[in-house]
Amino acid sequence: MYEVRFHGRGGQGAVTAASMLAAALLEEGKYAVSIPSFGFERRGAPVVSFLRCSDREIRQLTNIYTPDCLICVDPTLAKSVDIFSGLKPGGTLVQATHKPLAEVVLSPNVATVGLCDAIGIALEVFKRPITNTLMLGAFAKTTGIVSLAALQRSLEDSDFRDAGLKQNMVALERGYNETTVHTIERRVAA
């Protein structure tokens with residue numbers, strides 16, 4: 001089973017992104033479940049959502065405490081929330097940031113990093129810092145767990161309130177194309 005934890009702020013679409021990713025994984029013949037986490041939701045407050053995917057049926061519907069992958073849709077969130085809590089060794093981070101890898105704070109458990117200037121791209125595409133669709137493209141490129149085509153079909157089946165399908169398709173493709181993927185080499189002390 002592959003487990004993903006989304007970190008964002010209220011209004012950025014972290015819960016919606018998990019749901020769209022689950023739909024795309026189902027489209028590809030995998031089992032998937034998205035699990036929203038609701039607490040004190042308000043625009044700008046830290047939020048978290050979860051996704052599990054597998055080649056077998058999924059019966060576990062609890063929060064994810066030891067994820068394989070973290071998707072952080074807000075570059076400022078790591079200053080106030082321990083996004084790396086419980087990340088499995090050899091884990092993956094998909095981070096919205098304009099910073100180069102050398103300036104990104106990483107957990108020792110991170111082995112793969114996907115970096116995407118999602119805020120900058122979102123401001124160009126939507127004129128607002130809504131990064132969820134961009135980060136789905138970044139996740140697809142970083143992990144290879146889901147195809148860009150399946151995500152595109154998932155978006156076509158989604159309802160959009162604030163932004164149209166065309167803008168979200170552009171954002172998804174730019175997120176995929178403009179993400180840089182890095183492998184972290186760790187040396188083991190003798």
Side-chain angles (χ1 to χ4, degrees), residues 1-39 41 45-74 77 81 83-88 91-96 112 114 116 118 122 126 130-177 179 181:
M1 181 158 349
Y2 192 80
E3 297 179 317
V4 180
R5 190 169 63 211
F6 290 78
H7 290 275
R9 294 190 185 276
Q12 290 180 319
V15 172
T16 302
S19 179
M20 286 191 290
L21 179 55
L25 289 161
L26 291 170
E27 171 97 17
E28 291 194 328
K30 296 178 178 147
Y31 292 91
V33 61
S34 68
I35 305 153
S37 178
F38 295 106
E41 267 78 50
V47 297
V48 66
S49 62
F50 311 96
L51 177 123
R52 284 188 176 89
C53 68
S54 179
D55 293 328
R56 299 176 20 192
E57 286 185 32
I58 300 169
R59 299 187 191 281
Q60 190 175 6
L61 300 176
T62 60
N63 291 353
I64 294 171
Y65 299 102
T66 55
D68 297 286
C69 178
L70 302 170
I71 300 175
C72 188
V73 302
D74 186 291
L77 202 57
V81 175
I83 65 169
F84 297 108
S85 175
L87 180 66
K88 291 178 185 169
T92 299
L93 171 66
V94 182
Q95 175 72 55
T112 305
C116 179
F126 301 118
I130 300 173
T131 59
N132 61 341
T133 310
L134 285 146
M135 295 307 289
L136 289 176
F139 172 81
K141 183 170 184 180
T142 303
T143 66
I145 300 285
V146 66
S147 70
L148 182 60
L151 285 168
Q152 290 168 328
R153 289 189 298 274
S154 175
L155 259 62
E156 289 171 352
D157 294 338
S158 297
D159 295 323
F160 295 100
R161 286 191 320 234
D162 299 322
L165 177 62
K166 184 178 179 182
Q167 288 173 301
N168 277 281
M169 287 293 197
V170 168
L172 178 67
E173 288 179 30
R174 286 193 64 187
Y176 184 88
N177 292 328
T179 294
V181 180

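From a predicted model like this one, the values you see are computed outputs, not experimental measurements.
The shortest non-hydrogen separation linking Leu51 to Ala22 is CD1-N, 3.5 Å. Smallest separation of non-hydrogen atoms from Thr179 and Lys141: O-NZ, 2.9 Å. When all heavy atoms of Val73 and Gly8 are compared, the pair lying nearest together is CG2-CA, 3.5 Å. Of all heavy-atom pairs spanning Lys88 and Thr66, the tightest one is CE-O, 2.9 Å. Contact detail for Ser34 and Ala18: the closest heavy-atom pair is CB-O, 3.5 Å. When all heavy atoms of Ala122 and Ile130 are compared, the closest pair comes out as CB-O, 3.4 Å.
Remark: the backbone N or O of Ala14 is paired with a side-chain donor or acceptor of Ser49 at under 3.5 angstrom. A donor-acceptor pair is defined here as one N or O able to donate and one able to accept, closer than 3.5 Å; no such pair exists between the side chain of Ser154 and the backbone of Ala150.
The stretch residues 17-32 participates, sequence neighbours left out, in these side chain to side chain donor-acceptor pair (under 3.5 Å) pairs: Glu27-Arg153, Glu28-Ser147.
Glu156 has its side chain within reach of Met169: a pair of non-hydrogen atoms, C-beta onward, lies under 4.5 Å apart. Side-chain contact between Leu151 and Leu21 is present, with heavy atoms from C-beta onward closer than 4.5 Å. In this structure the side chain of Phe50 never reaches within 4.5 angstrom of the side chain of Val33, judged on heavy atoms.
Rounding to the nearest 0.5 angstrom, the gap separating the CG atom in Asp74 from the CZ atom in Arg9 is 4.5 Å.
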Could you walk me through whether Val181 and Thr112 pass the side-chain contact (heavy atoms from CB on, under 4.5 Å) test, one step at a time?
CA-CA 7 Å; Val181 180; Thr112 305; 4.0 Å; yes
Stepwise side-chain contact (heavy atoms from CB on, under 4.5 Å) test for Tyr2 and Leu25:
CA-CA 12 Å; Tyr2 192 80; Leu25 289 161; over 6 Å; no
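With sequence neighbours excluded, the residues satisfying salt bridge (charged side-chain N to carboxylate O under 4.0 Å, His left out) with Arg59 are Glu57. The side chain to side chain contact (heavy atoms under 4.5 Å, CB included) test applied to Ala118 returns Ala96, Cys116, Thr131, Leu134, Met135, not counting sequence neighbours. Under the side chain to side chain contact (heavy atoms under 4.5 Å, CB included) criterion, Ala17 pairs with Phe6, Asn132, Leu136, sequence neighbours left out. The side chain to side chain contact (heavy atoms under 4.5 Å, CB included) search around Phe84 returns Leu70, Asp82, Leu87, Leu93, Ser107, Val110, not counting sequence neighbours. Taking the salt bridge (charged side-chain N to carboxylate O under 4.0 Å, His left out) definition, one finds that Arg52 meets it with Glu3, sequence neighbours left out.
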